[in-house]
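Below is one structure, written out as structure tokens; comments come after it.
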Amino acid sequence: MDKVVTAAEAVADIPDGASVAVGGFGLCGIPSTLIAALLARGSTDLRVVSNNCGVDGWGLGLLLEAGRITRMTSSYVGENKEFARQYLAGELEVELTPQGTLAERLRAGGAGIPAFYTATGVGTQVAEGGLPWRYAPDGSIAVASPAKEARVFGEREFILEEAITTDFALVRAAVADRHGNAVFNGSALNFNPLAAMAGRICVLEAERIVEPGEIPAAGVQLPGVHVHRVVEATVAEKRIERRTVRPRPDTTSTAAATTNGN
């Protein structure tokens with residue numbers, strides 16, 4: 001089955017209030033083409049599950065700035081000032097989840113496992129509840145996280161985490177064929193396949209689309225059975241979330257020391 005469509009066609013049925021799992025790790029492997037198409041589509045009150053929410057002016061940050069996102073389930077949100085502003089102002093509901101737990105919740109959802117026990121978060125507010133999901137305009141906590149069910153296995157305590165499934169998934173691959181079989185590059189592999197599996201309808205954008213059979217069967221990292229629509233990625237720009245460089249060496253003092261030594 002040829003699943004290739006345009007970006008506009010791929011997101012045309014994402015309604016207001018939809019839940020959407022979005023792949024990517026930082027700014028690596030984010031579905032920029034589909035995010036732009038969803039922004040143009042105008043869908044609002046979106047409930048998004050993603051490792052992070054992009055940065056100001058890029059990635060999911062574009063939807064956030066436009067006021068299209070009502071709720072975020074994420075593990076890391078430290079690079080987006082608008083995200084912090086909306087959260088603290090009570091405009092955005094945020095469920096912070098440990099990164100490994102988030103990954104497993106998505107994987108479990110895609111595998112049909114409704115919940116699982118993990119030791120991550122035991123002894124913290126993750127388990128005990130009380131984490132502020134939404135603030136009131138006066139700064140008080142309007143919605144707090146509930147306490148999680150706990151159980152002892154052996155001599156260790158674990159807490160119950162529910163799986164995540166969403167109405168849609170938006171992901172990005174390096175290469176995909178027309179049947180939706182996909183290959184990812186580097187860190188883009190971290191959350192994209194998991195998000196794809198968790199979405200009831202998965203839309204995948206690919207930097208390169210090839211014919212069926214061109215990707216070796218053993219090289220497929222996401223089988224096409226999980227993918228419903230394939231889009232050619234048209235947003236080629238790839239940004240760096242946080243650029244860190246070493247200070248420039250003081251060549252003047254080094255040269256002077258060398259001259260004095262001679």
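Keep in mind it's a predicted model, so treat the numbers as computed, not measured.
- Every residue was checked against the ring-ring contact (aromatic ring centres under 6.0 Å, His included) condition with Phe116, not counting sequence neighbours, and none meets it.
- The list of side chain to side chain donor-acceptor pair (under 3.5 Å) pairs with a residue in residues 123-137, not counting sequence neighbours, is empty.
- Put simply, OG on Ser32 and CD on Glu205 are 6.0 Å apart, with the number rounded to the nearest 0.5 Å.
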I'd like to know whether Leu34 forms a side chain to side chain contact (heavy atoms under 4.5 Å, CB included) with Val11, so could you lay out the CA-CA distance, the side-chain angles of the two residues, the decisive distance to 0.1 Å, and finally the verdict.
CA-CA 7 Å; Leu34 294 172; Val11 302; 4.2 Å; yes

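- Note that CD of Glu232 and CD of Glu207 are 11.0 Å apart. Values are rounded to the nearest 0.5 Å.
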Stepwise side chain to side chain contact (heavy atoms under 4.5 Å, CB included) test for Leu46 and Leu38:
CA-CA 10 Å; Leu46 299 172; Leu38 186 56; 3.8 Å; yes

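- Between Phe158 and Phe153, the ring planes lie perpendicular to each other; the angle is over 60°, past the 30° to 60° tilted range.
- Looking only at side-chain heavy atoms (C-beta outward), Val94 and Ser74 stay at 4.5 Å or farther from each other.
- Using a 4.5 Å cut-off between side-chain heavy atoms of Ile, Leu, Val, Met, Phe, Trp and Tyr, with links allowed through other members, Leu39 and Ile35 fall into the same hydrophobic cluster.
- For Thr44 and Asp16, the side-chain atoms include no donor-acceptor pair closer than 3.5 Å.
- Distance CD/Glu82 to CG/Leu92: 9.5 Å, rounded to 0.5 Å.
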For residues 208-216, dump all side-chain donor-acceptor pairs below 3.5 Å to protein atoms at least two apart in sequence or in another chain.
unit_1: Glu211; atom_1: OE2; unit_2: Arg178; atom_2: NE; d: 3.2
unit_1: Glu214; atom_1: OE2; unit_2: Glu211; atom_2: N; d: 3.0

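- Side-chain atoms of Thr165 and Arg200 form a donor-acceptor pair, as typed in the model, at a separation below 3.5 Å.
- A continuous path of Ile, Leu, Val, Met, Phe, Trp and Tyr side chains, each step under 4.5 Å between heavy atoms, connects Ile14 with Leu64, placing both in one hydrophobic cluster.
- Side-chain contact between Phe168 and Pro15: present, with at least one pair of heavy atoms (C-beta onward) separated by less than 4.5 Å.
- Ala37 and Ala8 get closest at one heavy-atom pair: CB-N, 4.5 Å.
- At a threshold of 4.5 Å between non-hydrogen side-chain atoms, the residues Asp56 and Asn80 count as touching.
- Phe25 and Ile164 end up in the same hydrophobic cluster when Ile, Leu, Val, Met, Phe, Trp and Tyr side chains are linked at under 4.5 Å.
- Asn51 and Ser75 share a side-chain donor-acceptor pair at under 3.5 Å.
- Looking at Glu93 and Arg47, no side-chain N of the basic residue comes within less than 4.0 Å of a carboxylate O on the acidic one, giving no salt bridge.
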Please report, to 0.1 Å, the donor-acceptor pairs under 3.5 Å made by any side chain of residues 219-226, with sequence neighbours excluded.
unit_1: Gln221; atom_1: OE1; unit_2: Phe184; atom_2: N; d: 2.6

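- Separation of atoms CG (Leu131) and CD1 (Ile141) is listed at 8.5 Å; rounding is to 0.5 Å.
- Side-chain atoms of Val171 and Cys202, non-hydrogen and from C-beta on, do get closer than 4.5 Å to each other.
- Nearest heavy-atom pair across Gly154 and Val152 is O-CG1, 3.4 Å.
- Annotation: side chain to side chain donor-acceptor pair (under 3.5 Å) contacts involving residues 21-31, sequence neighbours excluded, are absent.
- Using a 4.5 Å heavy-atom cutoff, the side chains of Leu60 and Ser50 are in contact.
- In terms of hydrophobic clustering, with Ile, Leu, Val, Met, Phe, Trp and Tyr side chains grouped at heavy-atom distances under 4.5 Å, Tyr76 and Leu96 are assigned to different clusters.
- Counting heavy atoms from C-beta on, the side chains of Tyr87 and Met72 never come closer than 4.5 Å.
- The shortest non-hydrogen separation linking Gly180 to Val230 is CA-CG2, 3.8 Å.
- Under the 3.5 Å distance criterion, the side-chain polar atoms of Asn192 are matched with a main-chain donor or acceptor of Ala188.
- A chain of hydrophobic side-chain contacts below 4.5 Å, direct or via other Ile, Leu, Val, Met, Phe, Trp or Tyr residues, connects Ile201 to Val48.
- Sequence neighbours left out, the pairs with a member in residues 153-162 that pass side chain to side chain donor-acceptor pair (under 3.5 Å) are Lys148-Glu161.
- Listed here is the closest heavy atom pair of Gly109 and Ala163: N-CB, 3.5 Å.
- We find the CD1-CG distance between Ile69 and Leu62 to be 9.5 Å, quoted to the nearest 0.5 Å.
- In this structure, the separation between OH on Tyr117 and CD1 on Ile159 is 10.5 Å, given to the nearest 0.5 Å.
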Test Glu104 against Leu102 for side chain to side chain contact (heavy atoms under 4.5 Å, CB included), laying out the working first.
CA-CA 5 Å; Glu104 183 62 11; Leu102 178 62; over 6 Å; no

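- A salt bridge links Arg229 with Asp13: the distance from a Lys NZ or Arg NE/NH1/NH2 to an Asp or Glu carboxylate oxygen falls below 4.0 Å.
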Apply side chain to side chain contact (heavy atoms under 4.5 Å, CB included) to the pair Val49 and Arg105, showing each step before the final yes or no.
CA-CA 11 Å; Val49 180; Arg105 289 179 70 189; over 6 Å; no

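- Considering only heavy atoms from C-beta on, Thr6 stays 4.5 Å or farther from Val231 through its side chain.
- Residue Arg172 comes nearest to Ile30 through the heavy atom pair CD-O, 3.1 Å, listed as atom of the first residue, atom of the second, then distance.
- Scanning both residues, Gly199 and Ala169, for their nearest heavy atoms gives CA-CB, 3.8 Å.
- In terms of modelled atom types and a separation under 3.5 Å, the side chain of Asp167 and the main chain of Ser19 share a donor-acceptor contact.
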